[in-house]
Amino acid sequence: ASEEGGAPSTLGALPPGIYLVRVTSPEQSQNDFAGITRHLVVVANANLTLKGAERELLVWATDLQSGREIAGAPVTLFNDTGEQAAAGSTDGAGLFKAQFENDRDVFRTWSAVLGEPGGTFGMALSDWNQGIGPWDFGVNAQIFYEPHSIYYYTENPLYQTKQTIQ
């Protein structure tokens with residue numbers, strides 16, 4: 001590892017927070033941000049599960065070491081433009097629920113942040129699903145709310161092509 005300017009450094013455990021990691025190398029392709037690879041790294045001591053419905057977001061906070069719920073922790077929800085959309089604290093079960101008057105756009109990214117960097121801290125994004133989405137396991141997922149469903153039942157279990165149903 002190296003610090004800005006290329007001087008070697010030894011890093012111990014990083015305090016909870018969000019870090020920008022930049023990697024450069026003369027061998028790295030110049031097509032990748034002028035030879036620089038950049039990644040955001042979240043160092044957390046709290047795990048957040050973020051679930052959404054049409055008009056609500058639910059955050060469940062647990063401690064990464066013990067697995068126990070985190071009660072009374074501040075949670076802030078942000079929309080995809082970085083605006084704060086809701087804030088509050090987790091309950092005794094580690095849950096925080098925000099409700100909205102209008103339907104949310106399921107294709108917009110929401111983020112949940114618990115606590116502050118340096119203390120009890122965790123973060124989740126609504127679109128962190130690579131490798132764990134239902135479609136990765138061959139499961140048909142319906143992400144849109146359908147107010148009505150219709151099921152047809154007839155007396156025959158099978159019909160022939162062009163057979164008239166009366």
Side-chain angles (χ1 to χ4, degrees), residues 1-100 102-137 139 141 143-144:
S2 68
E3 296 178 0
E4 190 71 33
S9 68
T10 304
L11 295 175
L14 293 171
I18 302 171
Y19 296 88
L20 173 64
V21 176
R22 293 179 34 197
V23 179
T24 62
S25 168
E27 295 82 16
Q28 188 173 5
S29 167
Q30 293 299 308
N31 294 328
D32 184 19
F33 298 106
I36 301 171
T37 298
R38 298 177 179 113
H39 293 283
L40 286 177
V41 176
V42 176
V43 176
N45 51 15
N47 180 62
L48 298 187
T49 301
L50 177 60
K51 293 296 208 174
E54 291 79 31
R55 294 187 178 181
E56 68 182 30
L57 288 170
L58 177 70
V59 177
W60 181 37
T62 57
D63 181 82
L64 279 174
Q65 292 295 317
S66 68
R68 294 183 184 265
E69 299 87 357
I70 300 175
V75 175
T76 307
L77 298 174
F78 297 94
N79 64 20
D80 62 346
T81 62
E83 297 171 343
Q84 180 177 323
S89 296
T90 57
D91 64 14
L95 298 172
F96 169 72
K97 183 165 73 170
Q99 297 196 338
F100 304 98
N102 299 316
D103 289 350
R104 294 181 318 104
D105 182 348
V106 296
F107 293 109
R108 295 180 74 176
T109 301
W110 289 78
S111 58
V113 178
L114 181 132
E116 295 285 333
T120 301
F121 181 75
M123 184 175 179
L125 269 65
S126 61
D127 63 356
W128 279 351
N129 64 14
Q130 285 104 352
I132 61 168
W135 44 88
D136 293 314
F137 301 95
V139 176
I143 60 173
F144 296 105

**Report entry** Pair Arg55-Asp103, side chain to side chain contact (heavy atoms under 4.5 Å, CB included): steps then yes or no
**Finding:** CA-CA 5 Å; Arg55 294 187 178 181; Asp103 289 350; 2.7 Å; yes

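- The two residues Thr109 and Ser126 make their nearest non-hydrogen contact at CA-OG, 3.4 Å.
- Legend: salt bridge (Lys or Arg N to Asp or Glu O under 4.0 Å) pairs involving residues 77-90, not counting sequence neighbours, sorted by first then second residue: Asp80-Arg108.
- What you find for Val43 and Leu14 is that their closest heavy atoms are CG1-O, 3.6 Å.
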Report task. Show the numbers, then the answer: is there a side chain to side chain contact (heavy atoms under 4.5 Å, CB included) between Val59 and Leu77? Result -> CA-CA 9 Å; Val59 177; Leu77 298 174; 3.9 Å; yes

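- Arg104 CZ to Glu56 CD: the interatomic distance, rounded to the nearest 0.5 Å, is 9.0 Å.
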Query raised in the report: When you look at Thr120 and Asn45, which way does the side chain to side chain contact (heavy atoms under 4.5 Å, CB included) test go after all the steps?
Result: CA-CA 6 Å; Thr120 301; Asn45 51 15; 4.1 Å; yes

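- With Trp60 contributing its side chain and Glu69 its backbone, the two residues share no donor-acceptor pair below 3.5 Å.
- Counting heavy-atom neighbours within 6.0 Å of Gln84 CD, excluding the residue itself, gives a total above 12.
- Across every non-hydrogen atom of Ile70 and Thr90, the tightest pair is O-OG1, 2.7 Å.
- Applying the 6.0 Å contact sphere to CD of Glu116 captures no more than 12 heavy atoms from other residues, nucleotides or ligands.
- Leu114 approaches Ala61 most closely through the heavy-atom pair CD1-CB, 3.5 Å.
- The shortest non-hydrogen separation linking Pro15 to Gly118 is CB-CA, 4.5 Å.
- A distance of 5.5 Å separates CG of Asn47 from CG of Leu64, quoted to the nearest 0.5 Å.
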Requested in this report: I would like to know whether Phe121 and Val42 meet side chain to side chain contact (heavy atoms under 4.5 Å, CB included); could you show each step before the answer?
Outcome: CA-CA 9 Å; Phe121 181 75; Val42 176; 4.1 Å; yes

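- Among pairs with a residue in residues 65-100, those fulfilling ring pair (Phe, Tyr, Trp, His ring centres under 6.0 Å) read Phe100-Trp110, at least two apart in sequence or across chains.
- The nearest pair of heavy atoms linking Gly92 to Ala71 is CA-CB, 3.9 Å.
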